[in-house]
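Okay, structure first, notes after.
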Amino acid sequence: MSVKIFFCALLLRLGLSASDDFAYNGFKGVSLSLDGSAGITSDGLLMLTNVTRHAMGHAFFPSPLRFKNSQADNVLSFSTTFVFAIFPEHKMLGNGGFTFVLSPSKDLTKASADYFLGIVNITNNGNASNHILAVEFDTGQSTETEDIYDNHVGIDINSVISNYSKPAGFISDDDGKSQNLILLSGEPMQVWIEYNGTNMQFNVTLAPLWKPKPKIALLSSTINLSSIILDRMYVGFSGSVGTLYLYHYILGWSFNMEGKASALNLSSLPPLPQNLTSSEKKRKTLVLWLPLTIFLVLLTIAGATLTMVRKKKFSELHDDWELEFEANRFPYEQLYKATRGFKDKYLLGIGGSGRVYRGVLPGSKLEVAVKRVSHESKQGVREFVAEIVSLGKLRHRNLVQLLGYCRRKGELLLVYEYMPNGSLDKFLFSETKQSLDWSLRFRIIKGVASGLRYLHDGWDQVVIHRDIKASNVLLDGYMNGRLGDFGLARLYDRGAAARTTNVVGSPGFLAPELARTCKVTMSSDVFAFGAFLLEVACGRRAIEPDKQESEQVLVDWVFANWKMGTIYKTKDPRLGNDYVLEELDLVLKLGLLCSHPSPSARPSMRQITRFLNGDVPPPEMLPYQCHASGSF
Ligand SMILES: *[C@@H]1O[C@H](CO)[C@@H](O)[C@H](O)[C@H]1NC(C)=O
Ligand SMILES: *[C@@H]1O[C@H](CO)[C@@H](O)[C@H](O)[C@H]1NC(C)=O
Ligand SMILES: *[C@@H]1O[C@H](CO)[C@@H](O)[C@H](O)[C@H]1NC(C)=O
Ligand SMILES: *[C@@H]1O[C@H](CO)[C@@H](O)[C@H](O)[C@H]1NC(C)=O
Ligand SMILES: *[C@@H]1O[C@H](CO)[C@@H](O)[C@H](O)[C@H]1NC(C)=O
Ligand SMILES: *[C@@H]1O[C@H](CO)[C@@H](O)[C@H](O)[C@H]1NC(C)=O
Ligand SMILES: *[C@@H]1O[C@H](CO)[C@@H](O)[C@H](O)[C@H]1NC(C)=O
Ligand SMILES: *[C@@H]1O[C@H](CO)[C@@H](O)[C@H](O)[C@H]1NC(C)=O
Ligand SMILES: *[C@@H]1O[C@H](CO)[C@@H](O)[C@H](O)[C@H]1NC(C)=O
């Protein structure tokens with residue numbers, strides 16, 4: 001009898017350990033629970049995301065693991081290690097990432113992609129009933145998740161707002177210095193995640209493949225996981241992509257409960273796809289292949305004439321200092337092909353600063369808008385490019401993402417995310433386009449306010465937009481308002497000599513103090529934002545010279561009506577009765593308040609967003625002498 005029990009216990013024990021500890025050097029034939037974009041390639045790579053944008057994928061070990069002893073609430077120690085590689089669409093900015101995740105359910109299909117990383121969505125983000133623990137490897141920075149860095153590793157508890165995070169990297173055993181690792185580099189890296197159930201220490205360590213595990217962990221925190229982790233949890237990965245796609249690959253993975261995860265056999269991991277490895281690497285291998293090089297040289301000579309013609313056509317300017325920005329640079333040839341040679345058919349518009357073309361990048365098929373800005377002076381080019389690259393790091397869902405640049409003789413090309421619904425002014429002022437209903441207008445206003453607030457105080461340096469108006473607000477595929485052309489006004493006047501003495505901006509949006517000081521500030525942006533609010537509520541332009549004199553300048557006209565108590569007369573007639581009175585009232589009054597002639601009387605963008613979100617009651621308006629029209 002007792003022998004039988006012992007035998008059963010042994011079987012049970014064996015059964016448990018066989019499923020609680022596992023090691024996969026590649027995933028060929030491995031059964032995981034996959035959903036969304038996730039799949040296992042024929043080579044045995046676990047691919048979490050593919051070329052589909054705004055998509056996610058999950059891969060879980062099929063059965064739940066026991067994380068707690070039945071007699072105590074203590075979370076058991078666990079340890080895992082895996083190797084991953086991320087290939088971006090362009091070797092530049094990413095806006096997605098992946099996580100190693102513990103979840104009570106392996107069905108996370110209700111979670112969202114983009115910055116939600118496939119673990120939560122907008123409604124349950126931060127909710128303690130999620131019981132989700134994740135270690136995120138995030139390539140982008142976004143305000144929504146309060147990321148401090150792009151390219152970071154973080155520990156997330158029930159939320160994509162990390163409780164702990166650090167820029168991706170490792171601490172060298174040799175000199176104790178931190179070294180950065182670029183998650184997007186396409187280079188495989190190994191991760192170790194360890195939790196000690198006794199002293200509750202949670203460690204995350206990262207290193208390039210083949211490097212031994214660094215002695216000091218990148219993240220090491222004491223976390224009491226007992227209320228977060230349930231008795232049984234699923235372990236696995238989530239991957240998520242945004243506007244730009246990324247390939248997230250896991251090459252191998254091992255896990256152990258109450259012990260050290262077994263080491264992976266690095267030499268038997270599946271190979272990464274060759275066509276994805278960076279061109280730099282390819283170049284290095286070519287040098288080794290001498291015969292091939294000779295063949296190529298011959299080929300080059302044969303095609304010399306052709307190449308010279310092409311070279312001239314696609315010639316670019318490159319300086320040594322630009323190497324550090326290489327990742328943000330697009331080859332001119334690629335942009336040329338994307339826009340079919342900058343054909344008029346692809347022209348989206350002509351702005352003060354240059355022509356904008358629509359394009360589809362060859363290969364990735366990403367839709368972009370390419371702006372050609374003439375830029376003659378050699379002086380300040382370096383600062384210009386540095387500034388473009390830093391503007392490219394600004395991430396906010398209400399800003400049009402700057403993806404990169406290209407430099408040629410006499411001109412700069414700026415590459416932006418493409419906004420399928422065009423600019424807001426077309427909807428507001430065109431008779432032919434259908435009118436926008438109030439709820440959409442109010443949402444766009446709130447979005448633009450939040451984007452501008454981010455420019456003013458969401459970043460380590462203040463970015464003044466300088467040219468806020470309806471025609472610089474673009475609408476994405478979901479009709480979200482996104483500020484375009486931010487931060488560049490200053491750059492434009494650096495480049496084009498003729499413009500240096502002008503104050504950049506548009507009549508009707510220029511704060512009166514600019515005439516005296518010529519110094520743009522956050523409150524001159526707020527002034528323009530006020531004029532923008534009135535444009536949206538009244539459905540007309542800030543200045544309309546064809547109107548009778550008292551109505552020509554929108555701010556003055558609304559102000560006069562407010563004094564007479566007839567402010568609602570100024571609302572867009574196309575709205576009819578479809579509006580929310582309190583919201584319309586707020587927008588009109590806020591528009592006037594922002595247009596106050598004295599900069600110090602204008603609210604900050606932070607206050608404005610709080611008014612608009614209803615966090616604080618609407619502002620009290622005091623009458624003031626109105627001569628706010630900035631048309632000087
Ligand atoms: C990529 O993932 C999506 C789901 O997100 C799926 O519908 C699609 O078939 C996948 N494409 C490829 C090429 O595997
Ligand atoms: C968010 O996720 C939760 C839990 O999976 C789900 O119940 C909810 O419907 C989701 N919300 C949205 C807006 O998708
Ligand atoms: C958290 O989620 C639970 C269950 O889905 C829900 O009942 C609760 O209202 C949510 N709490 C908050 C603050 O959203
Ligand atoms: C982690 O962050 C969430 C949300 O920010 C917070 O509710 C929670 O208390 C934090 N947990 C720990 C262990 O710090
Ligand atoms: C966990 O921490 C305790 C106390 O510091 C220590 O004795 C034990 O060896 C640690 N366990 C592991 C697996 O590191
Ligand atoms: C976690 O990291 C710290 C500091 O790097 C180290 O002292 C500790 O032993 C590590 N704990 C585990 C469980 O690996
Ligand atoms: C950890 O948290 C649980 C529940 O929140 C609590 O009962 C336990 O005492 C905590 N452990 C320690 C060591 O603080
Ligand atoms: C690791 O994999 C290689 C190649 O598959 C194999 O030759 C070697 O024996 C393996 N090493 C161990 C320790 O399993
Ligand atoms: C790489 O090659 C594979 C197979 O040869 C193909 O399926 C895949 O689409 C290629 N990827 C890219 C980005 O060209």
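Order of listing sets the numbers, starting from 1, for every ligand and every atom in it.
- Nearest to atom 12 (C) of ligand 2 among the protein's heavy atoms is Asn121 ND2, 3.3 Å.
- A parallel orientation is assigned to the rings of Phe61 and Phe22, their planes being inclined by less than 30° (bins at 30° and 60°).
- Aromatic ring orientation, Phe529 versus Phe532: tilted (interplanar angle from 30° to 60°).
- Considering backbone and side-chain atoms alike, Thr198 places every N or O at 3.5 Å or more from each N or O of ligand 5.
- Between Phe116 and Asp114 the shortest side-chain heavy-atom distance does not fall below 4.5 Å.
- The local environment of CZ in Arg606 is sparse, with at most 12 non-hydrogen atoms from other residues, nucleotides or ligands closer than 6.0 Å.
- Nearest non-hydrogen protein atom to atom 13 (C) of ligand 2 is Thr123 OG1, 3.9 Å.
- Aromatic ring pairs are classed by plane angle as parallel below 30°, tilted from 30° to 60° and perpendicular above 60°; the pair Phe27 and Tyr24 is tilted.
- In this structure, the ring of Phe237 has its center no less than 6.0 angstrom from the ring center of Phe84.
- Atoms of ligand 2 lying under 4.0 Å from at least one heavy atom of Asn124, given by number and element, are 2 (O), 3 (C), 4 (C).
- Between His396 and Ser450 the shortest heavy-atom distance is CE1-OG, 2.9 Å.
- Within a 4.0 Å radius of atom 7 (O) of ligand 2, the protein has no heavy atom.
- Checking Val75, Asn224, Asn199, Ile223 against atom 2 (O) of ligand 7, the nearest heavy atom belongs to Asn224.
- Contact atoms of ligand 7 toward Met200: 13 (C) (distance under 4.0 Å to a heavy atom of the residue).
- Looking only at protein heavy atoms, the nearest one to atom 9 (O) of ligand 2 is Lys110 CD, 4.0 Å.
- Protein heavy atom in closest approach to atom 4 (C) of ligand 7: Ser226 OG, 3.5 Å.
- Atom 10 (C) of ligand 5 has its closest protein heavy atom at Asn196 ND2, 2.4 Å.
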